[in-house]
Amino acid sequence: MSQSYNRGLIEDFGRWREFSAGMWAWIFHKFTGWVLVGYLFTHIAVLSTALAGDAAYTNTIQTLESLLLVRILEVGLLAVAVFHILNGMRLLMVDLGIGLEAQDKSFYASLILTGAITVASVPTFIAGAF
Amino acid sequence: MAERYSSFRPGGRRWLWQRITAAFLVVVLAFHFFLLHFIYHADEVTFALSSARMESWAYYSLMILFLVTATFHGVNGVYNALINQGLKGTKRTIIKWTLIVASVILIVQGVRTANAWAGITILPF
Amino acid sequence: MSTQVPKQKEAESPAEEESAPSVGKQRRDQAKAERRTAAEKQKEAAEKAKEAEDTYHIKVFRYDPEVEGKQEPRFDEFHVPFTKGMTVLDALMYARDHYDPSLTFRHSCRQAICGSDAFFVNGSQKLGCKTQLSELSEPVRIEPLPHQDVVKDLVVDMDHFYEQMHAIEPYFDPDELPDGELEEQRQTRENREKVKMSTRCIWCGACMSSCNIAAGDNQYLGPAAINKAYRFAMDEREGEARKQERLKIIEQEHGVWRCQTQFSCTEVCPKDIPLTEHIQELKREAVKSNLKFW
Amino acid sequence: MYEHDVIVVGAGGAGLRAAIAAKNEGADVAIVSKLHPVRSHTGAAEGGINAALRDADSWEDHAYDTMKGSDYLGDAPAIETLCKNSPKEVIQLEHWGMAFSREEDGRVSQRPFGGLSFPRTTYAGAETGHQLLHTMYEQLVKSGVQVYDEWHVLNLAVSDEERPEDRTCHGVVAYDVQSGEVSGFRARNGVILATGGPGQAFDHTTNAVSCTGDGQAMAYRAGVPLEDMEFIQFHPTSLPSTGVLISEGVRGEGGILYNAEGERFMFEHGYANNDGELASRDVVSRAELTEVNEGRGIEDEYVHLDMRHLGEERIIDRLENILHLAEDFEGVDGLVEPMPVKPGQHYAMGGIETDENGETCVSGLYAAGECACASVHGANRLGGNALPELIVFGKRAGKHAAGADLETAKITTGKRGEYELAEIDSPVELGEPGSRGDAVADGGAVAEGGATDGDSILEATVTAEKAKIEDLLERDGIHHSEVRSDLQKSMTRYVNVFREEDGLKKALRDIREARDRYQSVAVSDPSRTFNTDLLQTIETQNLLDLAEAITVGALARKEFRGAHWRAEAQERLDDEWLKHTMLSWNDGSPELWYKPVILEGEEKTYEPKIRSY
Ligand SMILES: Cc1cc2nc3c(=O)[nH]c(=O)nc-3n(C[C@H](O)[C@H](O)[C@H](O)COP(=O)(O)OP(=O)(O)OC[C@H]3O[C@@H](n4cnc5c(N)ncnc54)[C@H](O)[C@@H]3O)c2cc1C
Ligand code: HEM
Ligand code: SF4
Ligand code: F3S
Ligand code: FES
C-alpha cells in the first residue's frame, strides 16, 4: 500500500457551513435529545425532594419557580422539547417512508413551528414569576 | 478489512423500540406539558396537588410508564449515538452498564417519589 | 492557447548527471520539477487572468507523499480559460495538460458512467464530468473526497469502499433457475421498475463520503452497499430464501440501523438514487421479517 | 512476480466474460486492468445486445444482417459463431440477474436497431452496457477471480523467434499505478487481451479517455498482425460539444433526423429510402455530413435528432438515460427540443487478428472484444453487435485458454493460409523512428544468455520495461499532451468519414512528425505514486502506432466499402478488394499484406449483394 494522508477531524469540523438540511436536523435532534435526557435526570432529582416530606418539596419547587433564570431555562427546555418532538415525528414519518422528498421542508417546518410555539408560550411560562 | 457479516445479531429491536417509545412519548409528553404548565401553572405546584393526582391509579400508572419509556428512549438514544461514533470493545461494555445502572437508579428514584405522593408504602424503601 | 511545459534545463554539474540516479539526485530532480511547475504555473495563471476576462479560477488540493513540497497538503490555484459547457473535469484536464502535468485525478468516460471522478467541489460531493463550472461560485475549490485516505492530489483510496460493496454479497443468486438455457426468468415490469434506480449505481463513492455516520464508524456498510443489497433483496427473481439471507446481512450491527437518515447521501448521488428511501425500506423489511420470530 | 494459469488483460465486458469462463473451466485466473473493472468503457454502451431470441427470429437472419452490414468483409465462420451463441449468452446474462427492460408478459424486451431485419436488440433502458458490466463484475466477485486493478499492462513477454507464428506468449509486464512497482505476471496457459478500442486516436470520440488501444499496440509490436484497421465507425449521433453518445436506440424507437431546413433528409434527400434513420451507421453518418457540407447543417456543424413525438412516457420508460445525457452534456431538454448531433468516432471494426476461438497467431496469446478482430464486423459494425461479441468471444477465449476443447477454428491466423504481400505508398518513412529501446520495437525481450524459457523471457521484459520507465522519468523534454492532441486533430480532420488520398497522406506526414516529436517526450511528474503523466505518455506511444496503422490501411484500400469511403473510388470493388487489410510490425515498421475474406458459412455461402437500406 502506498502512503496516504488523512486529513483528520479538523477539516470535518470546519465543514458545518456546507451541511445540508438533513445533517442539521440530525445534529439538532442529537443535541435536543441529550438536553432532554439531562433534564430527565435533573427533573427526577428535583422531584425526589418529595421523599423528604411535604414542606421540603413544595418549598423547593416554589423557590425554583420564583427564579427568573429557571423560568427562562424552562422556555429553553420547551423549545428543545418541541423541536425534538416535531423533528421526532418527522423522523417517524421518514422511517415509514412517507414524504421523503419533502424531508428538508419538513425540517424547516419543524424549526419554524418550534419558534412559533415557544414564543407563544412565553407569557404562560413567565406568568407569576414577578 | 470489512468482514462478511455472518453472526446473527439483529440491531433492529432497539431501533424499533426507540420508535415505539417515541410515538408513545409524543402523546404523553404533550399531555404532561399541558397539564403542568397550562392547566396548572408552574408556580402553583405543591405537594398536595401532586399527591392528589398521584392517588389516581390511572394517572399513577401512566406516569410510571412515562418514566420508563422516557428513560429507555433517552438512554438508548444516547447509547446509539455513542455507537454511531464508533464506540466498541471494552469501552462500550463499560458505558453500556453505566447507562443501565443510571437508568435503574433513575427509575427507582422516580418510583419512590411517585409512591411518596400516592402514599404507597408497600415497597421496602 | 497551448503553452507547453518545457523542462528548463538547469545547469547541473556533469559529473552528477552521469552517475547512476542516486537518491540525492532524485530528490533534486523532484525539487527541480516542483519549482519549475510552480513557477510556470504562477506565471501562466497571471498571464491568463490578464489577457482574458473569461477564465475560471480553480483551487485544487495537492498532496504527494513522495514529492518534496507536496508532502504537506496545499492548494494550488489555476486560471482556466472558460468555454461554454465546460465541466469541472474539463477544467482539471486543461490545467493538467497546460499548466502542471503532475496534477493527478481519476477520470475516464467523461459521461457520468464510470464513476471515477467524484470530488469534493465547493463543499459537496460531485462528479467532475457532470458538474458545470458555470453553476459554481469562484474560486472553485476542488478537493479529494472527504473521509477517504488521500493517495495523491485528488485520488483517494477506494479499497474500503470496494470492501463494503463486496461485503453484502453483491451478486445475483437465485433460489432456482428455469431449466432450459434459452429460457429466461420472468420479471414483472413493476418489479423491474422497483429495482431500476438501485441498479444505476456507478460506485463513485460520493454518498459514502458525504455520510457522517460512515465517517464515524468505519465498519458501517454505507449507503451504496446497502443500496446494492436492496437491488437484490427487492428483485423478485431471486426468491424468498435468499432475500431472508440478504436481510440478515444488512441488519447486522453495522448495517442499516446505523443510518440516521441524514439524507446527504441521497442529495449527492449523481445518479439520483433515492438511497435514504431504500435504506428505510430495508429497515422496515428487516423489522417485519424479525417480528415473525418474536 | 505473480503467476497464474490465465492472465486476462482488461476488465470490460470481454475481459470479465473471459475470466469467468476460464475460472469455470477450473483454471487459476487473474485479471490485470488499468482501471477498476466497473470503470471500464463497456459501461457506457447504451443501446443493446443483438440476439435472435424469439421464435419469429433466427440466428441465420442475424448472421445475414451482420454479413450485409459488414459489407461482405466479415468472415462467415466468425459471424455464424457470434449469431448462434448470442441467444444463449444473453440468457446467461439474464440468469445472472441483469436488469433487462421487460415486456408485459415478463420476458426481456427487444427493439429495432439500424440494419436489422428483426427487432432483436435486447436492452436495459438506455444503459445496457452499464447493466451488463456490473452484472458480470458481480459474477466475477462471486467466482473469486483475483483482480489486480489499477495495474497498467506495459508489454507482453513474447519469445523472439523469427516468424510470429512460432512465438509464444509467456505473460505480461505491468505497472502498479498506486505504488509505481513494475512486475511480471507469468501466465502458465495463456494471456487474453481485452483492452478495448483505440478511440483516443481521434479527438471527437464517444470513447473514454482510457480507450487508447494498448492491447492492440502491444500485440502489434509482438508480431501479431492488425486486421482491417482502416474501418473506423463514426456514430451518427454524438453530441457536438463533448462527443457523448446519443444511443441509436433513439432512432430505434422512432427518433427522426432533421436538417436546418427542417427536412427529414434521410428520406427527402434519398440517402436511405427504405430504412431512413435506421439505415446502417455509416450511411447515416455520411448523410449527415453531406447535409452539413452542402450548407444545410445547423451552425454549419450538426443536424437535429428529434424524439419529442415519442411522448414523455415512452421516452422515460425506454430512453431516460438519454434525457440525462442531453441535459448534462449539451444543456438540451430532449422532451421539449430536438437534440443536436453529429458523427463521432465510435468503434474500431479492426484489431488484433484472431480466429473464432480468440487465438492469435502467437501461441498462448488471445484477444477478445473491441481490441480483437475475428472479423464479425467487417467493414461496418451493426449497432448492438459489439456487446454480444464481448460475451461470445470473451467466453470462447477464456475457455480455450483454460484448456477446454473447442472445435478447431476455420479461420487461419498469421501468414498460415493464403495471403499476398503488398507495397505501401507512403509519402514518409513509417514506423518507429530511431531506436528508442529495442524492447519496444519488438514484443519480447531476449533474455540474457539467450535463454528461452518463459520465466527468463518475462524477467528480461520486466527489466526492459523498467529501464524504459526510468528513462522517461529521468530525461528532460516536451510534454506528451501536445503530441497527442495534434495527432488527434489530424486524425479527425483527415481520416474521418470522408477520406481522400491527399488528406490521408497529410495525416501520415503529421503522424511522422508526431513520432519524431515523441522522441523527445519526458515525464515531468517525478512521483512513483499514481503517476498518470507517465502512463499517458506511454499510451500516447500506442496511439501513434495505431493511428499510423489506421491511416496506412485507409490509404491502401482504394475502394468504398462500409465505413471506409474514398473520394478516388466511390464504389465497392469486390473483384479486387474482397480481402482483409493486414499490417504486421516488422523490425520497427509496418508491413502490408492481404488475406481473403471467408464467405462460406456452415450451410451457405454469402453472396455479396448491393448494400442498400
Ligand atoms: C458510448 C458507446 C456506446 C456503445 N453502445 C453499444 C451498444 O449499444 N451496443 C453494442 O453492442 N455496443 C456498443 N458499444 C460498443 C461496445 O460498448 C464496446 O465495443 C465494448 O464495450 C468494448 O468492450 P471491451 O471489453 O472490449 O473493452 P472496454 O470495456 O473498453 O474495456 C477495456 C478494459 O481494458 C483495460 N485496459 C486497457 N488498456 C490496458 C492496459 N494497458 N493495461 C491493463 N488494462 C488495460 C481497461 O482497464 C478496461 O478494463 C458502444 C460503445 C460506446 C463507446
Ligand atoms: C422525554 C423525552 C425525550 C427524551 C429524553 C429523548 C431523548 C432522545 C435521545 C437522547 C435520542 C438520541 C439522539 C441521537 O443522538 O441520535 C433520541 C432519539 C430519538 N427521539 Fe427522543 N427523546 C424524548 C422524547 C421524544 C419524543 C416525544 C419523541 C417523539 C417523536 C422522540 C423521538 C425520537 C426519535 C425518533 C429518535 C431517534 C433518532 C434516531 O436515532 O434516528 N423523542 N431521543
Ligand atoms: S449510490 Fe450514488 S453516490 Fe453512491 S456510489 Fe452509487 S452512484 Fe455514487
Ligand atoms: S447520509 Fe448516512 S445517515 Fe443514512 S441517509 Fe445517508 S446513509
Ligand atoms: S469521468 Fe466517468 S464518471 Fe466522470
Side-chain angles (χ1 to χ4, degrees), chain C residues 2 4-7 9 21 26 29-30 33 36-37 64-67 84-85 96-97 101-102 104-116 130 151-153 155 158 162 166 170-174 177 181-189 192 195-196 199-200 202-203 232 235 237-238, chain D residues 35-36 38-41 43-44 53 87-88 91-92 94-97 99 101-102 104-108 125 127 130-131 134-135 138-139 141-142 178 208-210 241-242 244-245 324-325 328-331 470 474 476-479 481-482 485 522-533:
Chain C
S2 117
Q4 68 203 54
V5 188
K7 285 211 171 185
K9 228 180 150 133
Q26 276 178 6
D29 280 352
Q30 288 177 3
R36 175 183 38 71
T37 47
D64 188 323
E66 275 183 75
V67 174
K84 188 177 160 282
R96 178 196 64 200
D97 290 346
S102 70
T104 305
F105 45 92
R106 288 195 184 93
H107 66 301
S108 181
C109 68
R110 305 165 297 133
Q111 55 181 80
I113 198 66
C114 74
S116 314
K130 204 187 164 208
V151 175
K152 173 176 172 183
D153 293 353
V155 176
M158 295 287 284
Y162 295 146
H166 292 169
Y171 38 79
F172 189 73
D173 192 11
L177 275 175
E181 61 178 13
L182 284 175
E183 188 68 39
E184 72 235 66
Q185 308 165 82
R186 301 297 173 101
Q187 181 183 27
T188 60
R189 284 191 165 185
R192 147 135 167 120
V195 297
K196 183 175 89 183
T199 63
R200 294 217 167 133
I202 55 173
W203 297 44
F232 294 113
D235 193 318
R237 291 175 293 170
E238 249 197 357
Chain D
L35 304 175
H36 183 277
V38 302
R39 320 276 175 228
S40 301
H41 199 55
L53 292 176
K88 203 171 84 193
I91 295 300
Q92 174 69 75
E94 200 282 333
H95 287 183
W96 283 342
S101 293
R102 298 283 166 165
E104 277 310 334
D105 63 358
R107 305 188 70 182
V108 296
E127 49 192 33
H130 167 77
Q131 301 289 1
H134 282 258
T135 303
E138 289 156 15
Q139 292 301 316
V141 171
K142 185 178 181 187
Q178 283 222 1
V209 180
S210 61
S241 60
T242 49
V244 165
L245 181 81
H324 297 309
L325 293 174
D328 293 338
F329 300 102
E330 201 69 48
E470 286 311 317
E474 282 292 311
D476 273 350
I478 59 166
H479 189 229
S481 69
E482 314 161 41
S485 91
V523 175
S524 60
D525 185 353
S527 179
R528 307 277 147 162
T529 306
F530 227 98
N531 193 333
T532 49
D533 189 14

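Each chain gets a letter, A, B and so on, in the order its sequence line appears, and its residues count up from 1.
Looking at D/S101, the atoms closer than 4.5 Å to chain C (heavy atoms on both sides) sit in the backbone and in the side chain alike. When heavy atoms are compared at a cutoff of 4.5 Å, D/H134 approaches chain C solely by way of its side chain, counted from C-beta outward. Neither the backbone nor the side chain of D/L53 comes within less than 4.5 Å of any heavy atom of chain C. If you measure heavy-atom distances from C/L177 to chain D, the contacts under 4.5 Å come from the side chain alone. Neither the backbone nor the side chain of D/S241 has a heavy atom closer than 4.5 Å to any heavy atom of chain C. Heavy atoms closer than 4.5 Å to chain D are found in both the backbone and the side chain of C/R110. With a 4.5 Å cut-off on non-hydrogen atoms, D/E94 touches chain C through its backbone and its side chain both. For a residue to count as touching a neighbouring chain, one of its non-hydrogen atoms must lie under 4.5 Å from one of that chain's; by this rule C/R106 touches chain D with the side chain only. With a threshold of 4.5 angstrom between heavy atoms, D/E330 does not approach chain C through any atom at all. For chain D, the nearby part of C/E183 is the backbone; its heavy atoms alone come within less than 4.5 Å.
With values rounded to the nearest 0.5 angstrom, C/C109 atom SG is found 7.5 Å from D/H41 atom NE2. Rounded to the nearest 0.5 angstrom, D/E138 CD and C/H166 NE2 are separated by 9.5 Å. Atom NE2 of D/H95 and atom CD of C/E184 lie 7.5 Å apart (nearest 0.5 Å). Annotation: the span from D/D105 atom CG to C/R186 atom CZ amounts to 5.0 Å, rounded to 0.5 Å.
Interface summary for chain C: among D/S485, D/A208, D/G106, the most heavy-atom pairs under 4.5 angstrom belong to D/G106. Heavy-atom pairs under 4.5 Å with chain D were tallied for C/V195, C/I202, C/D235, C/D153; the largest tally goes to C/I202.
Between C/W203 and D/R39, the closest side-chain pair of non-hydrogen atoms falls below 4.5 Å.
Side chain of C/R189 to backbone of D/R102: a donor-acceptor contact under 3.5 angstrom is found. Between the C/K152 side chain and the D/T529 main chain, a donor and an acceptor come within less than 3.5 Å of each other.
Under the ring pair (Phe, Tyr, Trp, His ring centres under 6.0 Å) criterion, C/F105 pairs with C/H107, sequence neighbours left out. The side chain to side chain contact (heavy atoms under 4.5 Å, CB included) search around D/T532 returns C/T104, D/F530, not counting sequence neighbours.
With salt bridges taken as basic N to acidic carboxylate O contacts below 4.0 Å, none links C/E66 and D/R528.
Inspection of the C/Q111 and D/T242 side chains reveals no N or O donor paired with an N or O acceptor under 3.5 Å.
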